[in-house]
Amino acid sequence: MSWQDNYAIWNNQTEMDLPLKKALNEMANDHDALEKAFSVPMEFGTAGMRGILGPGINCMNIYTVRQATEGLAQFMETLPEATKKRGVAISFDSRYQSETFAHEAARVLGQHQIPTFVFDALRPTPELSFTVRHLHTYAGIMITASHNPKQYNGYKIYGEDGAQMPPKESDLITSYIRKVTDLFAIEVADESTLREAGLMTLIGENVDQAYLAEVKQVTINQELVDTVGKTMSLIYTPLHGTGKVLGERALRQAGFEQFTMVAEQAVADPEFATTPFPNPEFPQTFDMAIELGKAQQADLLIATDPDADRLGAAVRQPDGSYQLMTGNQIASVLLRYILQASKDAGTLPTNAAAVKSIVSTELATKIAASYNVKMIDVLTGFKFIAEQIQHFEDTDENTFMFGFEESYGYLVKPFVRDKDAIQTLVLLAEVAAYYKSNGKTLYDGIQELYAEYGYFAEQTTAVDFEGVNGPQQMADLMVKCREESPVEFAGIKVASAEDFQTQTETFADGHTEPINLPTSNVLKYHLEDGTWIAIRPSGTEPKVKFYVGTSADDAATADLKLANFEKAIHELVK
């Protein structure tokens, strides 16, 4: 159907949710907004769906949430009855409509006699991952748009291992979702009836305590925390999100007493009033933490994003200023600390392995190699790290030590199967205490790594493709890169090009080798000087991301190389 037909269906509904109906009426004369909202349905991929709140098939609203959940329910109807009856765990963040969407999902599932376990209030995404495993549910639903601005919300489905649904199951669920064409005919059960029948159970503190009990094992050197960590000054901000629910308790449980929360940002505010872009990658999200940190001369500032799966940090310098660390830098100092502490304690397994995404720093690979630890590269998406963890457990082939993505996502202990900022909050504070005990900071720690392994520098550049034509423009760019494969960037020749869609690596002399990773729309170029450049369309936002990783003997040379490669990327996009 045309967007006009889809709009007419919505506009003719007499019993539509009143706020949505009002918003729809306000759009009546906005042709562009209507076309964007009603041209194509919201994409549902392995990362779920994410979009702007509002009416329309391409927006987040109770009807698209019901549609996604109806697809999950119909898929679960094909499973054995005992599997279906294990039910679904549901959590949500601080965004507009999040709690409503969570309860709407429960009502759809309940209509299919599928039990749900719904949190009584907002909780972090990693706790939802834990809950699926803890309660042995078949699936989990997390209502969140992670670090997006306030206009967004999203919907993620987790599998029984606690990881986001892998591509095979996700594709099956998507096929069921697409069969649900009449969004206004989806039946939902009465919530009171579901509660009385035991088909909807509220959960909360009982699961919190179980999760926090597992977090205790994240601490490596309790004596260090009890001495240095106990008095170390720390600022923590949950950026108006779910981190406050467990972050404060996790820090106190570990033994950190001298920490302060940014009061204004400890409020679960869907407006994100103090930071419109609640993303720990962005320097401005630290403005209030830096102001408070300077007043208290805090050693470390930590921010978690609204659903508390990602974490950023800033470190106090001798002049009183604060230096923000990149996700790659945080991961590198964490990995080094974990491996060295395990080696010192004589507990480093002979089959130890770490896992990272293909667009994350190679510094971590060199660190792992220096401890005879295997580094495994996987596609972007923490579900692929979770798959490796499950493989380790099934085969005893390796012992998981750490997993990360450059986009500020880390996992320390595998009782969670997604990135976990609460775990990382506790361990990063311990690592900061370790360096403080030696008269140093985390920033000194990363400089020591550069001195030992070489100076590594990475950069991510995102090119936006907004509007109705955005998806096609993104597709056209990827086709261009494949058909006119670059032979050099900034004067440095391409040694080989990996195409994860065809699962083939092509070398400069023309010969090819297979890539043993799942199919994905990603290109990665390896240059003759050791630099790599990757191109990947985002799975949740209308943008194509370009990743660059390079190294040099010093920071100035590496930064110059990054600037030259960025210019080359802009030329490619033209």
Side-chain angles (χ1 to χ4, degrees), residues 36 39-52 58-60 145-149 152 154-157 164-167 170-171 174 177-178 279 281 310 327 356-360 377-385 405-409 419 458-486 489 494 497-506 515 517-526 532-549 565-566 568-574:
K36 185 174 182 179
S39 288
V40 293
M42 191 178 305
E43 182 178 346
F44 194 97
T46 55
M49 63 183 185
R50 192 180 301 180
I52 291 175
N58 192 33
C59 295
M60 286 293 298
S146 189
H147 54 278
N148 282 67
Y152 286 79
Y155 182 110
K156 296 179 180 180
I157 296 181
Q164 288 189 49
M165 281 281 186
S170 178
D171 289 346
T174 300
I177 292 172
R178 293 291 164 252
N279 186 341
E281 293 183 53
R310 303 197 311 147
K356 71 176 184 67
S357 70
I358 60 173
V359 295
S360 298
D377 280 4
V378 296
L379 294 175
T380 300
F382 229 85
K383 58 185 170 292
F384 296 113
I385 294 176
E405 293 182 325
E406 49 75 40
S407 53
Y408 296 74
K419 45 192 178 289
E458 298 81 24
Q459 181 170 295
T460 302
T461 301
V463 179
D464 294 326
F465 291 86
E466 300 284 356
V468 176
N469 297 323
Q472 186 59 52
Q473 292 171 345
M474 292 166 65
D476 291 344
L477 175 61
M478 297 304 290
V479 169
K480 173 186 174 182
C481 290
R482 287 187 167 94
E483 293 181 349
E484 305 171 19
S485 185
F489 287 89
V494 174
E498 292 178 297
D499 187 340
F500 293 88
Q501 187 160 278
T502 62
Q503 296 177 302
T504 303
E505 181 173 11
T506 303
I515 298 173
L517 285 175
T519 301
S520 183
N521 188 18
V522 179
L523 295 167
K524 186 174 183 180
Y525 304 93
H526 298 271
W532 56 266
I533 296 173
I535 308 174
R536 183 182 73 88
S538 172
T540 55
E541 300 171 280
K543 58 182 61 178
V544 174
K545 292 185 176 181
F546 293 83
Y547 306 83
V548 180
F565 288 127
E566 185 174 11
I569 287 169
H570 284 303
E571 288 296 320
L572 180 68
V573 175
K574 284 184 180 180

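Sequential numbering from 1 along the given sequence is applied to the chain's residues. The model shown is predicted, which means the values in this text are computed figures rather than measured ones.
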Could you check whether any side-chain heavy atom of [X] comes within less than 4.5 Å of a side-chain heavy atom of [Y], counting everything from C-beta outward?
X	Y	result
I569	V548	yes
M165	K383	no
R536	S520	no
R50	K156	yes
E405	I385	yes
F44	Y155	yes
K356	D377	yes

Rounded to the nearest 0.5 Å, what's the gap from [atom1] on [X] to [atom2] on [Y]? Could you check?
X	Y	atom1	atom2	result
M60	I52	CE	CD1	12.0 Å
S146	Y152	OG	OH	13.0 Å
L523	F500	CG	CZ	9.0 Å
K419	Y408	NZ	OH	14.0 Å

Sub-3.5 Å donor-acceptor pair from the side chain of [X] to the main-chain atoms of [Y], do we have one?
X	Y	value
N58	K36	yes
K524	I358	yes
Q503	L517	yes
K480	L572	yes

Provide the closest heavy-atom pair for [X] versus [Y] in the form atom of the first, atom of the second, distance.
X	Y	result
F382	G409	CE1-O, 3.8 Å
I535	C481	CD1-SG, 3.8 Å
W532	V359	CH2-O, 3.1 Å
M42	G51	SD-N, 4.3 Å
Q501	T519	O-CG2, 3.3 Å
M474	K543	CE-O, 3.3 Å

According to side chain to side chain donor-acceptor pair (under 3.5 Å), who are the partners of [X], at least two apart in sequence or on a separate chain?
X	value
T174	none
N279	R310
E466	none
Q472	D476

Quiz prompt | Criterion side-chain contact (heavy atoms from CB on, under 4.5 Å) on V463 and Q473, from CA distance to verdict | solution = CA-CA 11 Å; V463 179; Q473 292 171 345; over 6 Å; no
Quiz item: Listed by chain and number, what are the ring-ring contact (aromatic ring centres under 6.0 Å, His included) partners of Y525, not counting sequence neighbours?
Solution: F489
Practice problem: Can you establish whether the number of heavy atoms outside E43 located under 6.0 Å from its atom CD is more than 12? | Solution: no
Practice problem: Quick one: list whatever passes side chain to side chain contact (heavy atoms under 4.5 Å, CB included) with E458, sequence neighbours left out. | Solution: N328, T361, F456
